[in-house]
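First up is the structure itself, then whatever we jot down about it.
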2 protein chains.
Amino acid sequence: MAPLSQQMQQLSETCSHCSLRYLCLPDHLDSHDLEKLERLVDSGAPVLAETELFAQGEGLTHIYAVRNGSAKTVRIDEEGFEQILGFYYPGDILGFDGFADQHHHCSAVALETSHFCRIPVDQLDALVDELPSLRQRLVRLMSQVLSEDGRMMLTLGRKDSEGRISSLLLGLSRRRALRGMPASSVPLNMKRADLANFLSMRLETVSRVLTRLQRAGVIKVSQNRVDILDRDALRERSSRGAWVADQS
Amino acid sequence: MAPLSQQMQQLSETCSHCSLRYLCLPDHLDSHDLEKLERLVDSGAPVLAETELFAQGEGLTHIYAVRNGSAKTVRIDEEGFEQILGFYYPGDILGFDGFADQHHHCSAVALETSHFCRIPVDQLDALVDELPSLRQRLVRLMSQVLSEDGRMMLTLGRKDSEGRISSLLLGLSRRRALRGMPASSVPLNMKRADLANFLSMRLETVSRVLTRLQRAGVIKVSQNRVDILDRDALRERSSRGAWVADQS
DNA sequence: CGTTGTTTTGACTTTATTCAAGCATGGTGG
DNA sequence: CCACCATGCTTGAATAAAGTCAAAACAACG
């Protein structure tokens with residue numbers, strides 16, 4: 001249950017009044033341009049947990065911004081393997097990967113009952129041609145994702161199980177801080193299996209690492225929430241777990 | 001030693017006559033738009049092996065297209081760990097990750113003596129505002145990279161050493177096919193340590209897997225070249241090595 | 001309460017890493 | 001022209017980490 005005040009601010013209908021505008025598409029747009037963007041945005045009905053927002057392979061008609069709640073993106077590759085690509089929180093954009101060929105390359109699924117802003121791609125496209133500031137903003141956001149992906153590949157490739165969990169927790173915490181929410185109490189809206197899939201570990205290992213970290217007094221685990229008790233120790237573990245590559 | 005004909009075609013000065021135009025930025029541009037793009041492109045001096053094209057942290061002034069030769073991108077993260085993010089071949093674009101904040105988030109290094117097309121970002125930016133077709137092309141290319149990254153995360157996270165090597169070899173082979181080069185003979189321009197770093201394995205493991213695959217008659221390894229003898233077997237191993245995630 | 005789904009814990013096995021040594025290759029200078 | 005060194009690659013034996021399978025604990029929900 002989110003506090004009422006938070007629900008109120010997040011449900012504000014217009015971008016200009018949205019508490020997330022500095023994270024989301026509107027950032028760096030002047031009020032005139034913002035108004036035009038605003039007219040495209042449609043805030044639809046609530047999306048229930050486990051419901052698909054869009055499906056892999058589907059044509060790209062809209063991109064989405066998380067208004068409140070959370071989501072994950074899942075990709076099933078040619079060989080039939082399922083991989084969670086990311087978790088998304090208020091202000092994050094879903095659907096960028098579809099610009100390549102106008103089709104979604106992953107599915108998006110709500111982790112809990114959530115609200116999303118829907119933006120029709122064709123209209124966005126037209127507006128982008130009109131507003132250089134919006135184009136720049138879009139390119140920056142996409143580029144940011146690229147940069148994030150690089151970081152993730154590093155985590156997956158080079159850290160042991162403890163390093164991965166620690167990195168993930170710090171990452172989620174940081175993203176909460178960006179949104180002005182308490183950063184030391186991180187809700188885990190997803191199942192352990194989701195975490196395991198995302199971090200490429202088995203869920204048993206996720207569980208073991210979480211209890212190990214708890215026993216070490218670094219975090220406190222309770223159901224769907226992790227409290228960070230010793231941030232420095234967590235940071236230390238997130239990098240200690242990484243190994244140094246051979247020199248080329 | 002590349003055959004002369006290949007050198008000739010790749011060194012063609014204009015995009016319109018470049019054999020790589022359908023892979024590279026020019027694709028989908030009409031001749032009028034292409035001409036304008038062409039004027040921005042500067043084909044500089046050859047870049048020697050191990051030389052940096054641009055450095056992480058540096059301001060984004062140009063993006064680069066590989067004209068001939070090859071390159072790798074390397075990122076050093078906050079914790080000082082070095083990770084190779086990708087290998088690049090003729091027609092590939094380097095520098096997209098810099099659009100986020102006008103600074104490069106990785107370094108680019110030539111793997112061998114190579115030529116690159118340099119495109120000044122400020123001029124490109126202006127041209128993008130002018131030409132919707134170019135904007136669309138750029139967005140598509142970036143989106144493609146995003147999609148590729150997703151695939152890579154899957155490989156890193158979910159495949160064992162044999163699966164990773166097999167996937168890499170198939171990937172390199174596919175990219176050669178796209179460029180009209182013999183796909184069954186894949187040159188490994190990079191060192192084993194680079195491969196190991198990229199795939200997040202130790203170089204000893206890379207070595208062991210290559211010999212294992214060779215003993216199984218799937219490939220033939222010679223110095224800096226791998227011949228694919230049994231593509232189906234390689235494909236089989238590239239997916240066999242992957243494990244199935246727990247259901248969420 | 002009992003049923004179902006999720007998470008934790010335990011014992012055992014597999015896999016890749018580590019450390020250490022040996023083998024090729026290619027370039028340099030005697 | 002060949003011995004020698006540097007660099008990069010391969011191989012081997014021991015170790016540590018994470019995966020597997022199986023079962024028990026815990027929560028949530030009707």
Side-chain angles (χ1 to χ4, degrees), chain A residues 1 48-50 81 111-113 155-168 187-216 219-226 237 240-248, chain B residues 1 49-50 72 81 84 111-112 155-168 187-216 219-226 237 240-248:
Chain A
M1 293 298 117
L48 299 180
E50 303 290 304
F81 298 109
L111 290 172
E112 57 196 305
T113 304
T155 296
L156 283 182
R158 303 283 273 290
K159 294 184 181 177
D160 61 13
S161 55
E162 205 171 286
R164 292 182 198 192
I165 292 279
S166 304
S167 299
L168 179 91
L188 297 181
N189 336 63
M190 65 297 283
K191 300 190 185 146
R192 296 285 188 275
D194 286 333
L195 283 182
N197 181 312
F198 181 60
L199 296 175
S200 297
M201 316 169 24
R202 307 252 73 151
L203 59 83
E204 292 96 324
T205 310
V206 172
S207 187
R208 281 187 241 275
V209 172
L210 283 174
T211 50
R212 202 193 309 159
L213 287 174
Q214 167 156 261
R215 269 203 260 280
I219 60 173
K220 181 169 175 311
V221 185
S222 52
Q223 292 312 99
N224 295 323
R225 161 160 258 92
V226 167
R237 277 156 200 266
R240 176 142 50 93
W243 45 269
V244 178
D246 304 300
Q247 224 33 238
S248 65
Chain B
M1 291 297 116
E50 303 289 305
K72 63 178 175 184
F81 298 108
I84 293 179
L111 290 172
E112 57 197 304
T155 296
L156 283 183
R158 303 282 273 290
K159 294 184 180 175
D160 62 13
S161 55
E162 205 172 286
R164 291 183 199 192
I165 293 279
S166 304
S167 299
L168 179 92
L188 297 181
N189 335 65
M190 65 297 283
K191 301 189 186 147
R192 296 286 188 275
D194 286 332
L195 284 181
N197 182 312
F198 181 60
L199 296 175
S200 297
M201 318 169 22
R202 308 254 73 151
L203 60 82
E204 292 96 325
T205 311
V206 171
S207 187
R208 281 187 241 275
V209 172
L210 284 174
T211 49
R212 202 192 309 159
L213 286 175
Q214 168 156 260
R215 269 202 260 278
I219 60 174
K220 183 169 173 309
V221 185
S222 53
Q223 294 308 98
N224 294 322
R225 160 160 258 96
V226 167
R237 278 157 197 267
R240 176 141 50 94
W243 44 270
V244 179
D246 304 299
Q247 225 34 239
S248 64

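Values below: every heavy atom of this structure, side chains too, minus hydrogens, waters and symmetry copies. Residue numbers begin at 1 in each chain, while the letters A, B, ... track the order of the sequences.
- The separation between A:Leu188 atom CG and C:dT7 atom C1' is 13 Å, rounded to whole Å.
- Per the geometry, CZ belonging to A:Arg158 stands 14 Å off C1' belonging to C:dT17, to the nearest Å.
- B:Ser167 is linked by a side chain to side chain donor-acceptor pair (under 3.5 Å) to B:Lys159, counting only residues two or more places apart in sequence or in another chain.
- Remark: P of C:dT25 and NZ of B:Lys191 are 18 Å apart, rounded to the nearest angstrom.
- In this view, B:Lys191 and B:Glu50, B:Asp194 satisfy the side-chain contact (heavy atoms from CB on, under 4.5 Å) rule, not counting sequence neighbours.
- Within the model, atoms CG of B:Asp160 and CD1 of B:Ile165 stand 10.5 Å from one another, a figure rounded to the nearest 0.5 Å.
- Put simply, the side chain of A:Arg158 reaches to within 4.5 Å of the side chain of B:Asn197, judged on heavy atoms.
- Among the atoms of the strands shown, base atoms are found under 4.0 Å from some heavy atom of A:Leu203.
- By the side-chain contact (heavy atoms from CB on, under 4.5 Å) test, B:Ala49 pairs with no residue at all, sequence neighbours left out.
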Counting primed atoms, P, OP1 and OP2 as sugar-phosphate and everything else as base, the B/S/- map of nucleotides 16-30 of chain D against protein heavy atoms under 4.0 Å is --SSBB-----S---

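- For B:Arg192, the salt bridge (Lys or Arg N to Asp or Glu O under 4.0 Å) criterion is met by no residue, not counting sequence neighbours.
- At the phosphate of C:dT9, OP1 or OP2 sits under 4.0 Å from a side-chain N or O atom of A:Thr211.
- With rounding to whole Å, A:Glu50 atom CD is found 13 Å from C:dG5 atom P.
- In this entry the distance linking CD1 of B:Ile165 with C1' of C:dT15 reads 15 Å, nearest Å.
- Using a 4.5 Å heavy-atom cutoff, the side chains of B:Ile84 and B:Met190 are not in contact.
- The CG atom of B:Leu111 lies 10.5 Å from the CG atom of B:Leu188; values are rounded to the nearest 0.5 Å.
- With axes fitted over five pairs at each extremity, the angle between the ends of the helix from C:dC1-D:dG30 to C:dG30-D:dC1 is 30° (10° resolution).
- To the nearest angstrom, C1' of D:dT7 lies 14 Å from CG of B:Asp194.
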Exercise answer: donor-acceptor pairs, residues 204-215 of chain A side-chain atoms, under 3.5 Å, sequence neighbours excluded:
| unit_1 | atom_1 | unit_2 | atom_2 | d |
| --- | --- | --- | --- | --- |
| A:Thr211 | OG1 | A:Ser207 | O | 3.2 |
| A:Thr211 | OG1 | A:Arg208 | O | 2.8 |
| A:Arg212 | NH1 | A:Glu162 | OE1 | 2.7 |
| A:Gln214 | OE1 | A:Val221 | N | 2.8 |

